[in-house]
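Just below is one structure, and these are the notes that go with it.
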Amino acid sequence: MATIPITKRGAEKLKEELQRLKTKDRPAVIAAIAEARSHGDLSENAEYDAAKDRQGFIEGRIKEVEGKLAAAQVIDPASLDAGGKVVFGATVELEDEATGDTVKYQIVGEDEADLKQGLINISSPIARALIGKEEGDTAEVQAPGGVKHYEIIAVSYV
C-alpha cells in the first residue's frame, strides 16, 4: 500500500474524528436502531431504515479513516530542512505578477486541504507548480481562467 503524506496537524484531526466516530456516533446509532426496533414492524419503519443507513455510513467512514491513518506518512513541517525549497508541508507566500496580490498557502495532504484557511492539496495545480521551486522563482500555474504567474516571496516550514 502506498503511503499518504499528511501533516502532524492533519493526522491529529483524523485521530480525533476516529475517536468521535467510535465513542459517540457508533453508540448513538446503535441506540437509534434499538429504539426503532422497539416500534415493531421493521418492513415499514422509516426510522429503522434511516438508522441502518447512518450505521453503514459511520462504519464505512471508520474503515476509511483507519486505512488513511495506517497508510499515513506523518510529516512535521517544523522539522523540515529543505534548504528553502517548496516541499510538502511548506508555507509559501506568493505574489500574483499580474495583479500584485499576495497570498499565503501551506501545501498539505488531500484530507487537510481547505482553501479558506490557506491549506492547498499537494495534488492541486498550484501546489504541483510550486514543488521544488525556491524564493525568488516564478511559478506558472495552469488555472481554469488561463495561465497565471506567481513569484515566490517567501518559503517557511511551520
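Position 1 is the first residue of the sequence, and the numbers go up from there.
- Checking side-chain atoms of Gln106 against main-chain N and O of Ala90 turns up no donor-acceptor pair under 3.5 Å.
- Taking both residues in full, the closest heavy atoms of Ala127 and Ile107 are given as CB-CG2, 4.1 Å, listed atom of the first, atom of the second, then distance.
- Results of the side-chain contact (heavy atoms from CB on, under 4.5 Å) test with Val86 over Asp137, Ile152, Thr91 single out Ile152 as the only residue that passes.
- Between Lys133 and Thr138 the shortest heavy-atom distance is CE-O, 3.3 Å.
- Under a 3.5 Å cut-off, the side chain of Arg128 and the backbone N or O of Ser123 do form a donor-acceptor pair.
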For Val29 and Phe57, run side-chain contact (heavy atoms from CB on, under 4.5 Å): C-alpha distance rounded to whole Å, both residues' side-chain angles, the deciding distance at 0.1 Å, then the answer. CA-CA 10 Å; Val29 80; Phe57 172 79; over 6 Å; no
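- Here Ile33 contributes atom CD1 and Asn45 contributes atom CG; the two are 11.0 Å apart, rounded to the nearest 0.5 Å.
- Contact check for Ile126 versus Leu94: side-chain heavy atoms found under the 4.5 Å cut-off.
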Does Asp25 form a side-chain contact (heavy atoms from CB on, under 4.5 Å) with Ile62? I'd like the steps, not just the answer. CA-CA 10 Å; Asp25 295 355; Ile62 287 172; over 6 Å; no
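- Side-chain atoms of Arg9 and Leu119, non-hydrogen and from C-beta on, do get closer than 4.5 Å to each other.
- Under the 4.5 Å side-chain heavy-atom criterion for ILVMFWY residues, no single connected hydrophobic cluster contains both Leu14 and Ile122.
- The cluster map of Ile, Leu, Val, Met, Phe, Trp and Tyr, joined by side-chain heavy atoms under 4.5 Å apart, puts Ile131 and Val108 in different clusters.
- Listed here is the closest heavy atom pair of Ile6 and Gly10: CD1-C, 3.5 Å.
- Gln19 and Thr23 make their closest contact through O-OG1, 2.7 Å (heavy atoms, listed as atom of the first residue, atom of the second, distance).
- Here the closest heavy-atom approach between residue Leu80 and residue Phe88 is recorded as CD1-O, 3.3 Å.
- Taken from CZ in Arg37 to NE2 in His39, the straight-line distance is 12.5 Å, to the nearest 0.5 Å.
- The stretch residues 85-101 participates, sequence neighbours left out, in these salt bridge (charged side-chain N to carboxylate O under 4.0 Å, His left out) pairs: Lys85-Glu134, Asp96-Lys148.
- A pairwise comparison of heavy atoms in Ile153 and Glu135 identifies O-CG, 3.0 Å as the closest pair.
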Hey, can you pull the donor-acceptor pairs under 3.5 Å for the side chains in residues 63-77, sequence neighbours left out?
{"from": "Glu64", "atom 1": "OE1", "to": "Arg61", "atom 2": "NH1", "distance (Å)": "3.3"}
{"from": "Glu64", "atom 1": "OE2", "to": "Arg61", "atom 2": "NH1", "distance (Å)": "3.2"}
{"from": "Glu64", "atom 1": "OE2", "to": "Lys68", "atom 2": "NZ", "distance (Å)": "3.2"}
{"from": "Glu66", "atom 1": "OE2", "to": "Lys22", "atom 2": "NZ", "distance (Å)": "2.8"}
{"from": "Lys68", "atom 1": "NZ", "to": "Asp111", "atom 2": "OD1", "distance (Å)": "2.7"}
{"from": "Lys68", "atom 1": "NZ", "to": "Asp111", "atom 2": "OD2", "distance (Å)": "3.2"}
{"from": "Asp76", "atom 1": "OD1", "to": "Ala78", "atom 2": "N", "distance (Å)": "3.3"}

